[in-house]
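Below is one structure, written out as structure tokens; the observations come after it.
Remember, it's 1-based here, ligands and their atoms both numbered in the order they're listed.
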Amino acid sequence: MKVDGRHFRSIWLEPDGWSVGAIDQRRLPHEFVVARIESVDAVAEAIRGMLVRGAPLIGATAAYGVALAMRADPSDSALDHACAMLMETRPTAVNLKWALDEMQRAVRPLPSAARAGAAYARAGEIVEQDVAINREIGRHGLGLIEAISASRRGEPVNILTHCNAGWLATVDFGTATAPIYLAHDSGIAVHVWVDETRPRNQGASLTAWELGHHGVPHTVIPDNTGGHLMQHGRVDLAIVGTDRVAANGDVCNKIGTYLKALAAHDNRVPFYVALPSPTIDFAIDDGVRQIPIEQRSADEVATMTGRTADGRIETVRVVPEGSPIANYGFDVTPARLVTGLITERGVLKPERAALAGAFPERIAAHHSAPARIG
Ligand code: MRU
């Protein structure tokens, strides 16, 4: 996608052919800063500290982490160490495990001398695959927006989204935003309600920034506004991303998604989830009980960071000193509240049979010997 007329992806291989560039998402929307990452330790820190974030981008970054590790030391023990360390960085997005499994499959059978080259090649493929998948998600989701636009006789289609499942959360295009960008680019009038997404404000800081740079009409709303808008017919459909979809169609996404799905169900607003197939976890059959939910630092809730009137970036405390804080990063929306899953192979029912039927090779891979991690 474009930033001030220049094409950017969220992550790339630098011209030196080995180090990795990424947009530092902690600094947006106030500053556009690019980070250069040169070691697997720095990759782990970038994922843990959310310099990069979003399930598909976490996977792509981890893939480059393995490549950097193999460049420094192509031994088995270095591979084990890199994968174990990266796997620990964030627990919920299953794209991380998927990418590490893929990298190990590509690298482990090879002699040491061939490992670094193969790792960079596989990481590059994972990155390109993400872009291609998101294009297809966009194509399939576009049909949903077109149908609503036709029934509204050209009035803007109002789409609610939560968190950032845009191009910053992937390599390019985004998942939930891919159909929106395509619709906008093809002349369909769209308007996006952007949930601010406390505590880290990925909606207010990142989704609004992305949409604004692409010229997509949008309005940022406090997280608790969606239900009110739905009751008053101001939301035509919701499209969100996801960090892990269980085999039964339960969907894990940024905290607060479940409440939006409940409100959508109560108001008969279609609630779609956009996902690339690496986000499906065929090892888990009950999302509510089995998906690990990340708990993050209390500071994310206790403080807010923003730009002061005189241009300084400052962090201020908004919670009384001493009040206990809980910071659950994600929640699970049961499949019964999901209208459909927008995947690269079409819009699917949130059911095991539909997922397994569309991605039989993932089932086969799941039943084959798992790659070793650590
Ligand atoms: O904690 P984050 O910012 O990594 O959470 C991101 C989300 O919840 C996204 O909605 C999800 O990863 C889908 S991204 C295409």
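When the side chains of ILVMFWY residues are joined at heavy-atom separations under 4.5 Å, either directly or via intervening members, Tyr258 and Ile221 end up in two distinct hydrophobic clusters.
For Asn224, the CG atom is loosely surrounded, since the number of other residues' heavy atoms within 6.0 Å does not exceed 12.
Cation-pi geometry between Lys254 and Phe330 is satisfied (NZ or CZ under 6.0 Å from the ring centre, within 45° of the ring normal).
Here the straight-line distance linking atom CD1 of Ile188 with atom CG of Leu142 works out to 5.0 Å at 0.5 Å rounding.
Side-chain contact of Thr219 with His191: a donor-acceptor pair under 3.5 Å is present, judged by distance alone.
Ion pairing between Glu344 and Arg362 fails under the 4.0 Å rule for side-chain N and carboxylate O.
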Within the protein, flag every N or O under 3.5 Å from an N or O of ligand 1, and note the pair and distance.
unit_1   : atom_1 : unit_2 : atom_2 : d
ligand 1 : 1 (O)  : Arg90  : NH2    : 2.8
ligand 1 : 1 (O)  : Lys254 : NZ     : 2.7
ligand 1 : 3 (O)  : Arg53  : NE     : 2.9
ligand 1 : 3 (O)  : Arg53  : NH2    : 3.2
ligand 1 : 3 (O)  : Gln202 : NE2    : 2.9
ligand 1 : 4 (O)  : Gly54  : N      : 2.9
ligand 1 : 4 (O)  : Arg90  : NH1    : 2.8
ligand 1 : 8 (O)  : Asp243 : OD1    : 2.8
ligand 1 : 8 (O)  : Asn253 : OD1    : 3.2
ligand 1 : 8 (O)  : Lys254 : N      : 3.4
ligand 1 : 10 (O) : Asn253 : OD1    : 2.7
ligand 1 : 12 (O) : Ala55  : N      : 2.9
ligand 1 : 12 (O) : Asp243 : OD1    : 3.4
ligand 1 : 12 (O) : Asp243 : OD2    : 2.8

